[in-house]
Structures are given as C-alpha cells and as structure tokens.
Amino acid sequence: MIAHLDLDAFFAAVELHRNPGLRGKPVVVGGNPDGRGVVATASYEARRYGIRSAMSSAEARRRCPSVIFVRPDHRTYREWSARMWALVREMAPVVEQVGIDEGYLVLPDGDPHEQAELIQLAVRERMRLSCSLGVATCKVVAKVASDARKPGGITVVPPGGEAAFLARLPVRTLPGVGPKAEVRLVAAGVATIGALAELDDARLTELLPGRVGVELRLRAQGVDPRPVSGEPAEAISISNEETFDVDVRDRDELHGHLRRMSEGLAASLDRRGMSARTVTTKVRYPDFSIATRSHSLGVGIDDAAAIGDLACSLLDRALRQRPGPVRLVGVGVSGLDRHRQLALPMEDELPP
DNA sequence: TCTGGGGTCCTGTTGCGA
DNA sequence: TCTGTCGCAACAGGACCC
C-alpha cells in the first residue's frame, strides 16, 4: 500500500517551535501586509478567521487585525523537512519526497492503519510535528485521502474502494483540476469526481481537450499507475523573481535587479556543480499579464555576468515589444547540465 | 483586499535542415 | 533548381502544484 504524508500547517508549526509565545495565537507566515505579500501558511487559529494560503496578507489582517505576521525562513524549513524525511526513511522501504512538506511512501508490510499510525507517532514524538496520512493502492487516492481528516488524521481507502471514495468529492479536490478546469467542468454540470469519471469520450474532449483530460478521467476513476520513486529528482530549472512594492519603469533599475538575481542563480549553479544552456527573463505587467523571453546557447554557462547580460538583453527585447512599468521581473536558467562551463558564448550567440 | 515565489509539465507555433 | 513536407528544437504561453 502507498501512503501520502502531509505535514499540517508546516511553516507555522516550525515558527511555533522557535517562538513558543506564539502558541494558541493566530499566526500567518507570509509576506508584508503593507505591501503585496500573500499568506504562505496560516496556523489553525488563524484559519478560524477564514484566513487561507495564497490570500493577500492585507486581506488576512482585515479578517483578523490581531493576527501575527512572521516572515518565511525557507532555509530553516528545509532543515526541518530534511530531518523529518530522514526519520520517515528509517521506517519505510521507499520514500518519494514531492515538496517540502509532503511525499509518498511505500508502507511496510502489516496492517496499513497501524503502519501509518507508527509513522505519524514517530513524527510527532521525535519532530514534534503533526501530519496527516492517506493510505491507498495508488498515489492519487492516497493524496486525496490525506486531506480528508486534517489535521492529524489517517484515512485508509481499502483496495477496490478507490472510485467510491472519490466519487462524491467536488472535482476541484482531484489533483490536476485547478481553477480553470473547475469552472469549465462545473458550468457543464460536472461537479463531482464521480461525474468526471463517467464522462464519455466526446464530452471529455470538449471539456478537457488533449492528454490532460484522458489522464484526469483515469485519476477520477481511481486509476494511477505512477510508481513511488525512491530516486531524488534532479532540478530541471532554477529561477529567481521579485514583485516590487511599487511598479518600476526605470530600465537601469530593472537591469540592477536582474543582475542581482543572476548572481543568486550563478551561486546556486555553482553549489550544484552545474551549468545552464538557456536563460529566460520574465516580466509581469501591472495588468498581471506575463511575458517571457528566452535564449539558448550552444554551450552551458554558470557565471553571473554572462547570465545577467543575457537576462538584461532579453528584458530589453520584451520592453521594446511592450514598454511601460512592470510589477515583477525574474530570471531563470534551464537546460541544466552537470558539466562545467568550457567557454564563454560567442559574440554572435547573444540575442539582438 | 487586488493577487508571492519556486517549480513542473503540456501545447501550439515557428524556423530550419534534410 | 524549386517546392513540399517531415521531424526536431527552440520559443512562448498557460495551467497547475505547494
């Protein structure tokens, strides 16, 4: 059997350990409520006020003026996460971490509920963290099940009961159905996972065209052949971006931000011993539309100046096509390779 | 009350060489 | 030599995830 383990309000839980004075109070880990910050995690006390992840911090404060804001500290969360997963690896034969606070594992032989309880207990006793587990024959059902009794719950879906377990839940609870798909499906009268599972080919292609639709219908039927992979996945891309408190139109200032972010990317590539062949610059305009411009080189690069030069020229290209103030700029690298830089790009490889 | 940051994957279009 | 077309890589955008 497969289990999906999900830590409950993880960032907030770590902050409560660092500062026990926050216990019992509404706490939000997130961005600046006076700027453009959003909520990353809300403690369960804060959730009572209707505060949720991805809500703007300003809205969170409006709902609960006494809420305490804490800035996220991802480095510390990564450390806690690494310790927690090391502990789980001692107890389960195969573990696949898929985020900082969640992952799949193959349960040891024995009664699935008892095995899940042992892991939950170990995480509580040794890490002082609360987690929820869902247990099923496949990933998608285990994931939905882990959400069924949060926080601190365990939900076991017996073999053969997958489709029945999913059937009555809202379509949006199926992983892969986001806000856009939900609107289309519900407008067409497909409000539950069960209704999605029963769609015929014609209706499915109409509502969710392409491979996505076929995949989602299978998942809705409780069918998910993806194995639990014990191999840690290597990064495909690395990026840095920043939303400004006030929109910026000054080109030199934007270049400055891109160069600073490029230094961060170069440092990150260096740590991993990797180089990148593609650089992508991202711009978000005040109306929230996004433009990306990318360029690939014949050879991998890993130094801040080369990444920064390319990022700035790509920004200029985007701004020539649509000038004006921008809300966010970002730079990313992809086409990652273990090999180090051998040569600087030729002059004629730089974009116009 | 305006909407973060760091990612992955999929899709449609375009340009190019065989 | 011209044209078509096939396949591929690059590019851009979009949906989704935590």
Side-chain angles (χ1 to χ4, degrees), chain A residues 4-11 28-41 50-65 69 71-74 77-78 81 97-103 139-140 143 146-147 172-185 208-216 219 226 233-245 247 261 264-265 268 277-298 314 317-318 321-322 327-336 349 351:
Chain A
H4 180 259
L5 184 155
D6 202 324
L7 290 163
D8 301 320
F10 175 51
F11 294 177
V28 158
V29 180
N32 180 9
D34 296 313
R36 288 167 164 174
V38 297
V39 174
T41 309
I51 296 172
R52 296 283 180 271
S53 294
M55 176 181 281
S56 76
S57 297
E59 167 67 5
R61 189 165 57 185
R62 200 183 62 78
R63 290 186 184 224
C64 175
F69 284 94
R71 287 302 167 88
D73 175 4
H74 289 275
Y77 308 149
R78 272 197 299 271
S81 170
Q97 194 184 334
V98 291
I100 194 167
D101 67 345
E102 66 169 307
K139 280 183 168 179
V140 68
K143 176 157 172 67
S146 72
D147 227 32
R172 184 66 169 87
T173 54
L174 187 70
V177 176
K180 303 280 182 179
E182 180 189 23
V183 167
R184 301 191 67 159
L185 289 167
L208 303 170
R211 231 188 301 179
V212 182
V214 177
E215 185 85 3
L216 283 177
R219 302 248 176 107
R226 293 173 298 164
E234 202 152 70
I236 291 172
S237 68
I238 312 170
S239 63
N240 252 216
E241 62 188 56
E242 187 184 339
T243 296
F244 308 121
D245 281 343
D247 298 342
M261 293 179 202
L265 291 182
S268 179
R277 284 188 50 239
T278 304
V279 174
T280 303
T281 294
K282 172 176 171 180
V283 180
R284 198 200 299 267
Y285 294 99
D287 67 357
F288 253 70
S289 62
I290 292 170
T292 61
R293 293 293 176 267
S294 63
H295 186 75
S296 299
L297 302 161
L314 289 165
R317 206 164 96 195
Q321 285 162 7
R322 180 175 164 183
R327 179 187 177 93
L328 163 153
V329 291
V331 53
V333 290
S334 53
L336 303 185
E349 280 191 326

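Proteins come first, then strands; the chains are lettered A, B, ... in the order of their sequence lines, and each starts at number 1.
Heavy-atom distances to DNA chain B give each of A:K282 and A:A58 a nearest nucleotide, and the one nearer the 5′ end belongs to A:A58. Both A:R284 and A:E234 lie near DNA chain B, and the one whose nearest nucleotide falls closer to the 5' end is A:R284.
The side-chain hydrogen bond (donor to acceptor under 3.5 Å, both in side chains) test applied to A:R226 returns A:D224, not counting sequence neighbours. Here A:D245 pairs with nothing under the side chain to side chain contact (heavy atoms under 4.5 Å, CB included) rule; sequence neighbours left out. Evaluation of the side-chain hydrogen bond (donor to acceptor under 3.5 Å, both in side chains) rule for A:E102 yields A:H4, A:K143 as partners, not counting sequence neighbours. Remark: A:E242 engages A:F244, A:H257, A:R260, A:M261 in a side chain to side chain contact (heavy atoms under 4.5 Å, CB included) (not counting sequence neighbours). Take A:R284 and apply the salt bridge (Lys or Arg N to Asp or Glu O under 4.0 Å) test, not counting sequence neighbours, and it matches no residue. Scored by the ring-ring contact (aromatic ring centres under 6.0 Å, His included) test, A:F11 finds A:H74, A:Y77 as partners (sequence neighbours excluded). Residues passing the side-chain hydrogen bond (donor to acceptor under 3.5 Å, both in side chains) test with A:R63 are A:E59, sequence neighbours excluded. By the side-chain hydrogen bond (donor to acceptor under 3.5 Å, both in side chains) test, A:S239 is found to be paired with no residue, residues two or more places apart in sequence or in another chain being considered. Scored by the side chain to side chain contact (heavy atoms under 4.5 Å, CB included) test, A:T292 finds A:T280, A:K282, A:I290 as partners (sequence neighbours excluded).
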Counting primed atoms plus P, OP1 and OP2 as sugar-phosphate and everything else as base, spell out the protein contacts along nucleotides 11-18 of chain C at 4.0 Å heavy-atom distance: B, S or - for each nucleotide, 5' to 3'.
SSS-SSSS
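With both ends at atom C1', the span from C:dC17 to B:dC2 equals 22 Å, rounded to whole Å. B:dT3 and C:dC18 have their P atoms separated by 23 Å, given to the nearest Å.
Across all strands shown, A:R36 has heavy atoms under 4.0 Å from sugar-phosphate atoms exclusively, and none from any base. Among the heavy atoms of the strands, none lies under 4.0 Å from A:R184. Heavy atoms of A:G335 sit nowhere under 4.0 angstrom from any nucleic acid atom. Residue contacts shown for A:S56 include a base, since a base heavy atom lies under 4.0 Å away.
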Chi angles and distances behind the side-chain contact (heavy atoms from CB on, under 4.5 Å) call for A:V39, A:I51
CA-CA 8 Å; A:V39 174; A:I51 296 172; 4.2 Å; yes
Determine, stepwise, if the pair A:N32 / A:R71 fulfils side-chain contact (heavy atoms from CB on, under 4.5 Å).
CA-CA 8 Å; A:N32 180 9; A:R71 287 302 167 88; 3.0 Å; yes
Pairs counted as Watson-Crick or G-U wobble with both distances under 3.5 Å: what dot-bracket string results for DNA chain C, using | for bases tied to another strand?
....||||||||||||||
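First and last contacting nucleotides of DNA chain B toward chain A (any atom under 4.0 angstrom from a heavy atom, 5' to 3' order): B:dT1 to B:dT11.
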